[in-house]
Trainee: 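This is the structure, below, for whatever I ask next.
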Amino acid sequence: MSMLAEFRAFAMRGNVIDLAIGVVIGAAFSKIVSSLIDDVITPLLLKPALDAAHLSNINQLTAFGSVKYGVFLSAVINFVIVAFVLFLVIKGINLAKREEAKTEPKNVGPSQEQLLSEIKELLKQK
């Protein structure tokens, strides 16, 4: 078995694919959580505590205390896109596995019943 065939067999095992998908989905979801905290919740909590007199100009005030719903929405959209692409990849892998299973040679040897009857005949002869 060649190295490439061994790697393909390893990579196509279910648990390796599941682990890879878990890592990718986890990273994408982590960005959603980080954006929710950094861009939505923290500014909402800090806004009442801001004192405009302590900030030197209006740009600092808006940059420091503004809720960035757009950044959060972007993280959510990125997550949905990543999840959909992974869905398509998994669908393709499953289709390839089904096609591979169809092309694999079927066992054309004797059936279990035939083997048992042959053993029974051999035992009768003794």
Side-chain angles (χ1 to χ4, degrees):
M1 188 176 221
S2 72
M3 180 88 79
L4 184 59
E6 285 182 50
F7 176 74
R8 183 174 183 269
F10 167 76
M12 295 303 278
R13 285 192 353 222
N15 55 356
V16 173
I17 294 171
D18 293 343
L19 178 64
I21 289 171
V23 168
V24 172
I25 290 287
F29 191 74
S30 171
K31 289 180 184 179
I32 291 177
V33 172
S34 295
S35 177
L36 178 66
I37 299 297
D38 297 341
D39 301 323
V40 177
I41 294 175
T42 302
L44 287 174
L45 293 175
L46 292 179
K47 200 164 200 138
L50 289 176
D51 183 6
H54 295 322
L55 297 172
S56 62
N57 64 30
I58 194 70
N59 290 337
Q60 286 179 333
L61 175 64
T62 57
F64 185 68
S66 65
V67 177
K68 300 173 191 145
Y69 293 110
V71 176
F72 174 69
L73 185 61
S74 175
V76 171
I77 291 170
N78 285 340
F79 175 80
V80 171
I81 291 170
V82 167
F84 182 71
V85 168
L86 286 175
F87 167 75
L88 293 177
V89 167
I90 294 302
K91 194 170 181 164
I93 289 172
N94 289 339
L95 182 64
K97 283 183 179 180
R98 271 189 250 129
E99 292 297 322
E100 186 177 305
K102 286 180 185 176
T103 60
E104 285 181 4
K106 301 208 177 206
N107 189 1
V108 290
S111 68
Q112 186 175 5
E113 290 81 19
Q114 290 171 338
L115 289 173
L116 288 173
S117 65
E118 286 179 24
I119 292 171
K120 184 178 171 184
E121 291 299 322
L122 287 172
L123 288 173
K124 282 183 183 178
Q125 290 174 0
K126 287 188 175 185

Trainee: Would you give the length of the straight line joining atom CD of E121 to atom CD1 of I119, rounded to the nearest 0.5 angstrom?
Mentor: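 The CD1 atom of I119 is 11.5 Å from CD of E121, to the nearest 0.5 Å.
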Trainee: For S35 and I32, indicate whether the former's side chain and the latter's backbone hold a donor-acceptor pair under 3.5 Å.
Mentor: no
Trainee: Should F84 and I81 be regarded as members of a common hydrophobic cluster, given that ILVMFWY residues are connected when their side-chain heavy atoms come within less than 4.5 Å of each other, either directly or indirectly?
Mentor: no
Trainee: Is there a donor-acceptor contact under 3.5 Å linking the side chains of S34 and D38?
Mentor: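 Not at all, the side chains of S34 and D38 share no donor-acceptor pair under 3.5 Å.
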Trainee: In Å and rounded to the nearest 0.5 Å, what is the CD1 to CG distance from I93 to L88?
Mentor: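 That separation rounds to 11.5 Å.
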Trainee: Just how far is it from atom CG of L95 to atom CD1 of I90, taken to the nearest 0.5 Å?
Mentor: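 If we round to the nearest 0.5 Å, L95:CG and I90:CD1 are 12.5 Å apart.
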Trainee: Indicate the atoms forming the closest heavy-atom contact of V67 with V40, along with that distance.
Mentor: CG1-CA, 3.9 Å
Trainee: Grab the two heavy atoms, one from A28 and one from F79, that are nearest each other, plus how far apart they are.
Mentor: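 That would be CB-CD1, 3.5 Å.
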Trainee: Please check if L86 and L19 belong to a single hydrophobic cluster, counting links between Ile, Leu, Val, Met, Phe, Trp and Tyr side chain heavy atoms closer than 4.5 Å.
Mentor: no
Trainee: Side-chain heavy atoms under 4.5 angstrom apart, residues restricted to Ile, Leu, Val, Met, Phe, Trp, Tyr: same cluster for V82 and F87?
Mentor: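 Per the 4.5 Å side-chain linkage, V82 and F87 are not co-clustered.
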Trainee: Same hydrophobic cluster for I21 and V89, using side-chain heavy-atom links shorter than 4.5 Å among ILVMFWY?
Mentor: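 Cluster IDs for I21 and V89 match.
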Trainee: Mind checking the CZ-CD1 spacing from F72 to I37? Nearest 0.5 Å is all I need.
Mentor: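 So the gap between those two atoms works out to 9.5 Å.
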Trainee: Transitively linked via ILVMFWY side-chain contacts under 4.5 Å: V76 with V71?
Mentor: no
